[in-house]
Amino acid sequence: GEYLLINFLSIFSFFTYYIVLNINFNQNGKFYKRKTLMIEVLLYSLVFIVLNNITSYFYESDFFIFNKADALFYHEHTIRMLDMPIGKAIDYYLSYMGTDDLGMILVLFPLYHISESNLILNAFYLLIGILTALSIFNISKNFMSHKYAFLASLSYSLASFTIYFQSIGLKESFMIALIVFSFDFYYRFVKNKNIIHLIISLSFIASLLLFRPAVSAMILVSIGISSLLSKKGTLFIKVISLFIVLGLIANAHLIVSMVERYMHGGFE
């Protein structure tokens, strides 16, 4: 009886997710458009972000959705720095924390100037969720039909774990968005050879250094090796990719230290 509301929300989420995917699966080809995807992700995410927060407030009298550890840390430390100029706030934070957690502070800092509440982050993540869905749709269209690209994007965007992270005060939703955006613009560059798209992709990859530096290295390795092995890549792309791979090899000691930090349990 104590967790009746949580159980109800879980069961409701399960059946709603199934019904929505089933309805979307059985549509004609003209249905699978960006506008339809945006509307569905917006409405579905909004409903369950609200329900998650209602459930959290009912049990805990806050909006951190049973995950206060890091979220409360980001919340409190951002509020502490709100009266500082952005440059001084960054210096202050880096005096006791590393750069790989700075990203979340930089996300919250402007948002908390609007409202010092985790709910403003939820609203921001609602927008980020829509943009991530559109990017997944763009990427998927390189490999599959519009229908299955649409369903791939929708199935991720409406998943309970995705919306859960959009409802709490952690950095995962924004970090995943940066990863998806970096691949989206990389594939755009591969398709149209517009150097601006490559620069934007590299900017998103560089931004990940403020969240998880190891992920930036993984993306660069994947792009570099795939470009070198691809038969379609131009000589320019292969030269750039070679320099990326050589640069990563030259900084192998830094990469190894990052890997060891996240692999305390061993590689098995």
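- The CG atom of L202 lies 10.5 Å from the OG atom of S207; values are rounded to the nearest 0.5 Å.
- Panel note: side chain N22, backbone Y18; no donor-acceptor pair is recorded below 3.5 Å.
- Every residue two or more places apart in sequence or in another chain that forms a ring-ring contact (aromatic ring centres under 6.0 Å, His included) with Y44 is listed here: F48.
- Residue L170 holds its CG atom at 9.0 Å from CG of N118, rounded to the nearest 0.5 Å.
- Enclosure of atom OH in Y59 by more than 12 non-hydrogen atoms of other residues, nucleotides or ligands within 6.0 angstrom is indicated.
- With a 4.5 Å cut-off on side-chain heavy atoms, S155 and Y17 count as touching.
- No single ILVMFWY cluster, assembled from side-chain heavy atoms under 4.5 Å apart, contains both I128 and L154.
- Between the OG atom in S153 and the CG atom in L134 there is a gap of 7.0 Å [rounded to 0.5 Å].
- Criterion: ILVMFWY side-chain heavy atoms under 4.5 Å apart, direct or through other members. Under it, L121 and L131 are part of a common hydrophobic cluster.
- When every heavy atom of M97 is checked against every heavy atom of D101, the shortest pair comes out as CE-OD2, 3.8 Å.
- Rounding to the nearest 0.5 angstrom, the gap separating the CZ atom in F109 from the CD1 atom in I79 is 12.0 Å.
- Between L208 and M175, the closest side-chain pair of non-hydrogen atoms falls below 4.5 Å.
- Using modelled atom types and a 3.5 Å distance limit, the side chains of E40 and N24 yield a donor-acceptor pair.
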Could you walk me through whether F189 and I200 pass the side-chain contact (heavy atoms from CB on, under 4.5 Å) check?
CA-CA 10 Å; F189 167 71; I200 295 173; over 6 Å; no
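- Shortest non-hydrogen contact noted between M84 and R80 is CE-O, 4.1 Å.
- Looking only at side-chain heavy atoms (C-beta outward), F165 and I168 come within less than 4.5 Å of each other.
- Atom CE of M81 sits in a crowded spot, with more than 12 heavy atoms from other residues, nucleotides or ligands closer than 6.0 Å.
- The backbone N or O of I199 sits less than 3.5 Å from a side-chain atom of S203, completing a donor-acceptor pair.
- Taking hydrophobic clusters as Ile, Leu, Val, Met, Phe, Trp and Tyr residues chained together by side-chain heavy-atom distances below 4.5 Å, L102 shares a cluster with I179.
- Note that the CD1 atom of I120 and the CG atom of L111 stand 6.0 Å from one another [nearest 0.5 Å].
- In this structure, Y74 and Y112 have side chains that are not in contact, with every pair of non-hydrogen atoms separated by 4.5 Å or more.
- Distance alone, capped at 3.5 Å, is enough to place a donor-acceptor pair between the N122 side chain and the Q166 backbone.
- F66 CZ: more than 12 foreign heavy atoms inside a 6.0 Å radius.
- Residues satisfying the side chain to side chain contact (heavy atoms under 4.5 Å, CB included) criterion with Y32, sequence neighbours excluded, are Q27, K147, F150.
- The number of heavy atoms from other shown groups lying within 6.0 Å of CZ (F58) does not exceed 12.
- Around the CZ atom of F31, the shell of radius 6.0 Å holds more than 12 heavy atoms that belong to other residues, nucleotides or ligands.
- The salt bridge (Lys or Arg N to Asp or Glu O under 4.0 Å) pairs that include a residue from residues 50-78 are E60-K68, D62-K68, where partners are two or more places apart or lie in different chains.
- Put simply, Y125 and L127 are part of the same group of oily side chains (I, L, V, M, F, W, Y) that touch within less than 4.5 Å, one to the next.
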I would like to know whether I223 and I205 meet side-chain contact (heavy atoms from CB on, under 4.5 Å); could you show each step before the answer?
CA-CA 11 Å; I223 290 175; I205 295 172; 4.2 Å; yes
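- Shortest non-hydrogen contact noted between L37 and A133 is CD2-O, 3.6 Å.
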Step by step, would you call L5 with L9 a side-chain contact (heavy atoms from CB on, under 4.5 Å)?
CA-CA 6 Å; L5 184 56; L9 180 58; 5.7 Å; no
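- Looking at heavy atoms from C-beta onward, V107 lies out of side-chain contact with K171 at the 4.5 angstrom threshold.
- Of all non-hydrogen atoms in S45 and I163, the two that sit nearest each other are CA-CD1, 4.0 Å.
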Assess whether side-chain contact (heavy atoms from CB on, under 4.5 Å) is satisfied between N67 and Y164, documenting all intermediate values.
CA-CA 10 Å; N67 202 322; Y164 172 75; 3.4 Å; yes
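- With respect to F211, the side chain to side chain contact (heavy atoms under 4.5 Å, CB included) criterion is satisfied by exactly one of D100, L178, T99: L178.
- In plain terms, the two heavy atoms of G169 and M104 that are nearest each other are O-CE, 3.6 Å.
- By the 4.5 Å heavy-atom criterion applied to side chains, Y156 and I176 are counted as neighbours.
- Between H75 and L108, the closest heavy-atom pair is N-CD1, 4.3 Å.
- The ring of Y187 has its center closer than 6.0 angstrom to the ring center of F143.
- Note that the CD1 atom of I11 and the CG atom of N7 stand 6.0 Å from one another [nearest 0.5 Å].
- By the criterion of side-chain heavy atoms lying less than 4.5 angstrom apart, applied directly or through intervening Ile, Leu, Val, Met, Phe, Trp or Tyr residues, L43 is not grouped with F124; the two fall into different hydrophobic clusters.
- Side-chain contact check for H77 and Y96: at least one donor-acceptor pair (N or O, by modelled atom type) lies under 3.5 Å.
- In this structure, I23 and V20 have side chains that are not in contact, with every pair of non-hydrogen atoms separated by 4.5 Å or more.
- Counting only distance, with no hydrogens or angles, the side chain of S201 and the backbone of F185 share no donor-acceptor pair below 3.5 Å.
- Side-chain rings of Y186 and H197 stay apart, their centers remaining 6.0 Å or farther from each other.
- For the pair L210/I105, no side-chain contact is recorded, criterion being any heavy-atom separation below 4.5 Å from C-beta on.
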